[in-house]
Structures are given as C-alpha cells and as structure tokens.
There are 2 protein chains.
Amino acid sequence: MVAMLEVTDVSAAACCAPLVREPLGAVDAERLARTIKALADPTRLRLLSIVAASEGQEACVCDLIEPVGLSQPTVSHHLKVLTESGFLTRSKRGTWAYYKLAPASLDEIARTLLAG
Amino acid sequence: MVAMLEVTDVSAAACCAPLVREPLGAVDAERLARTIKALADPTRLRLLSIVAASEGQEACVCDLIEPVGLSQPTVSHHLKVLTESGFLTRSKRGTWAYYKLAPASLDEIARTLLAG
DNA sequence: ACTCGATATTGACAGCCGTCGATATTCGGT
DNA sequence: ACCGAATATCGACGGCTGTCAATATCGAGT
C-alpha cells in the first residue's frame, strides 16, 4: 500500500505582498485564494469562532457538534480543512481530539488584506 | 418587461463581532461567509490588486482583461461579484466602465478577522 | 481480548461556481 | 440612422464542495 502523501500548505496564511500594493501574480493569487477559501464557509467561521472563544482557545470535537447542528463527519471534515490551511492545530489527548486556534494565522491574512 | 431587482448586500463587508471574541451566530456567519467568498477566488484577488495598484485605484475593464488572461465575459462576471459584495464601485464614463476600490471594504473584513 | 465511545475516512449525491461562446445593450462617431 | 467598439447578460457545461450514512480506526476501561 502506497502512502499517499497529500501536499497541503500547512504553512498557512498570507504569502505575498499586501494585495493593494502591487498586482498579484497568478501563483500568489492561487495560494492566497486557497487560504481564504478555507474561511469562506459559514460553518467553518462558526467553528473557528467557537474554538477561539473557548478556554485556552481550544475545544474538542464533541463540544463543537451540537453548537453548529451538523453531523459529526461533517464537523470533522470542516476541522480538517481549517487545520490543513493553518487556522487550527490538532492535538489528541486520550480519545478526544482538541483543536486549538493557530494564533498568527488570522492576523496574517488580515495584514495581507490591509493596505500595508 | 419587469425590472428584476436583485437584492444584494452592497453594504459589503463585516457585519459582526470580531470573530474570535464570541461564537458567531448562524445568520452572521452566513453573511460574513458570503463576503469572504467574494475574495476567495484567484482571479478576483488579481483583479482587486490590479485595480488597487492603478492610478486613483481605478481601472477600466479593457485594462483588466489582458492581465488576467481570461475572456471578457468572465472578467465582467468577476467584477460584478466584487462590486455586489462591496469591494469595488462602478462608474461608466462614455463607453468605458471604470471600477474603483471601495476604500473601507478590505479594512473592514481585516478588522473582523483580527482579535479585536 | 472485548466492548464501547470518540473521531476519522469513504462513497455518494445535490447544488454551487468559474468558464466560455453567443448574443444583447449602450454609447460615440460618421 | 448606421456602424463599430466596449461592456453586460444568457445558457450551457464541467468541476468543485458541503452534506450525510455507513464504516473504519483508535484508545480506554473492564
């Protein structure tokens, strides 16, 4: 069985010049768009804000399912997307998986959108 | 012929608390996601950055088609999306349509993503 | 070892979205 | 009035994505 290594930009976030400074190249635009796309979903925004508002900016999956009102696989899916794009980090403790806000990630795209 | 009035949130942008402060409600999340989704496309990011880097942060469609390398209808479509979500404003002068950066729009989502 | 509970993965399906060609509209010039 | 140029709209098509049910995995306790 071959280990199918998914290449994801865990590096997260920005990538480039402040957006309004100089024209974005095709490659940079693609990268930035992929990161922003991870935020462009109501469920993921809610998950992110719930995690961010939790103690230590950390929450386990079990605490997230009920608030967003979706199935457990769907929540797991969204958490994966947020983690792979660098907005959350995952740590497993016992049977539970805790997701924590990656502090710099939001600041970074925010700074990219700003004038500079 | 009936005038089909499309109701779009020209108001643009943010909508709510700073995202990491308190859990986002379903309605707010939907609104914010719709705005962010307008940014979550490489072509639209490039268009936005080209416009922003132009003289007076303004450019006509004819100047935008060649740089992004897509068809004129597609470029028009993207400009419409950006305009309807409040990131650009449109003004027609003669045969030409000029799109201009809406100054506060980017700042507003940036501020929403930031901690507070 | 077995079971149970928490989470992740898979497969399928519907709806959305980016793209294009064709066409409509609108405006300036002749 | 007509023609041509710039832009917008329409219709279609393929690919992506959010969702779920079913199933797999993994860890803890008995």
Side-chain angles (χ1 to χ4, degrees), chain A residues 1-6 8 26 29-30 32-48 50-51 58-85 88-100, chain B residues 1-6 8 26 29-30 32-48 50-51 58-85 88-100:
Chain A
M1 182 187 297
V2 177
M4 214 39 173
L5 183 55
E6 264 289 321
T8 50
E30 196 80 41
L32 183 54
R34 226 180 312 133
T35 302
I36 295 181
K37 212 168 286 188
L39 288 180
D41 177 89
T43 303
R44 287 197 286 270
L45 285 175
R46 296 187 73 189
L47 289 171
L48 211 52
I50 294 173
V51 168
E58 195 181 45
C60 88
V61 182
C62 56
D63 293 328
L64 299 171
I65 296 176
E66 184 267 335
V68 299
L70 293 175
S71 74
Q72 175 266 319
T74 299
V75 172
S76 245
H77 164 67
H78 285 307
L79 291 171
K80 186 180 184 182
V81 171
L82 286 170
T83 302
E84 282 178 346
S85 37
L88 294 178
T89 60
R90 191 182 102 111
S91 69
K92 197 157 191 182
R93 291 205 287 277
T95 325
W96 293 271
Y98 287 87
Y99 286 86
K100 186 171 184 177
Chain B
M1 182 186 297
V2 177
M4 213 42 173
L5 182 56
E6 263 291 320
T8 49
E30 195 80 40
L32 183 54
R34 226 179 314 132
T35 301
I36 295 181
K37 210 169 287 187
L39 288 180
D41 177 87
T43 302
R44 288 198 285 271
L45 286 175
R46 296 187 73 189
L47 288 172
L48 212 52
I50 294 173
V51 168
E58 195 181 46
C60 89
V61 181
C62 56
D63 294 329
L64 299 171
I65 297 176
E66 184 266 337
V68 300
L70 293 175
S71 75
Q72 174 267 317
T74 300
V75 172
S76 246
H77 164 67
H78 285 307
L79 291 171
K80 185 179 183 182
V81 172
L82 286 170
T83 302
E84 282 178 344
S85 38
L88 294 178
T89 60
R90 190 183 101 112
S91 69
K92 198 157 191 183
R93 291 204 288 275
T95 325
W96 292 272
Y98 286 86
Y99 286 87
K100 186 171 184 176

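Convention: sequence-line order gives letters A, B, ...; per-chain numbering from 1.
One can place CG of L64(B) at 12 Å from C1' of dT7(D), the figure rounded to the nearest angstrom. The NE2-C1' distance, from H77(A) to dC16(D), rounds to 11 Å in whole Å. Distance NZ (K80(B)) to P (dA6(D)): 22 Å, rounded to an integer number of Å. Atoms CG (L82(B)) and C1' (dA8(D)) sit 16 Å apart, rounded to a whole Å. Rounded to whole Å, the distance from CG on L45(B) to P on dG18(C) is 11 Å. If you measure from atom NZ of K37(A) to atom C1' of dG18(D), you get 14 Å, rounded to the nearest angstrom. As rounded to whole Å, 10 Å separates atom C1' of dC26(D) from atom CZ of R90(A). Put simply, CD1 on I65(B) is 14 Å from C1' on dT19(C), counting in whole angstrom units.
Every residue two or more places apart in sequence or in another chain was checked for a side-chain hydrogen bond (donor to acceptor under 3.5 Å, both in side chains) with R46(B), and none qualifies. Applying the salt bridge (Lys or Arg N to Asp or Glu O under 4.0 Å) rule to E58(B) yields the partners R93(B); only residues at least two apart in sequence or on another chain are considered.
Considering only side-chain atoms of S71(B), the nucleotide from dT7(C), dC20(C), dG18(C) that sits closest is dC20(C). If you check dT7(D), dG18(D), dA8(C) against the side chain of A97(A), the one that comes closest is dA8(C). Set against dT7(C), dT9(D), dG5(C), the side chain of T95(A) has dG5(C) as its closest nucleotide. Which of dA8(C), dT7(D), dG18(C) sits closest to the side chain of V61(B) comes down to dT7(D). Considering only side-chain atoms of W96(A), the nucleotide from dT7(C), dT19(C), dT19(D) that sits closest is dT7(C). Of the candidate nucleotides dT7(C), dA8(C), dG18(C), dA8(C) has the atom lying nearest to any side-chain atom of Y99(A). Candidate nucleotides dC20(D), dC17(C), dT9(D) were compared by shortest atom distance to the side chain of P73(B), and dT9(D) ranks first. Of the candidates dC17(C), dC20(D), dT9(C), dC20(D) carries the atom nearest the L70(A) side chain, counting heavy atoms from C-beta on. Relative to the side chain of S76(B), the nucleotides dT19(C), dT9(D), dA8(C) differ in distance, and dT9(D) lies closest.
A distance of 5.5 Å separates CG of L47(B) from CG of L64(B), quoted to the nearest 0.5 Å. Atom OH of Y99(B) sits about 5.5 Å away from atom OG of S76(B), to the nearest 0.5 Å. The CD1 atom of I65(B) lies 8.0 Å from the OG atom of S71(B); values are rounded to the nearest 0.5 Å.
Below the 3.5 angstrom threshold, one finds no donor paired with an acceptor across the side chain of Q72(A) and the base of dA6(C).
Of the two residues contacting DNA chain D, namely G94(A) and T74(A), the nearest-nucleotide position lying further toward the 5' end is that of T74(A). Nucleotides of DNA chain D nearest to A40(A) and K92(A) differ in position, and the one nearer the 5' end is that of A40(A).
Heavy atoms of H78(A) sit under 4.0 angstrom from primed sugar atoms or phosphate atoms, though from no base atom. Within the nucleic acid shown, R93(A) has no heavy atom closer than 4.0 Å to any nucleic acid atom.
More than 12 heavy atoms of other residues, nucleotides or ligands shown are found within 6.0 angstrom of NZ on K37(A).
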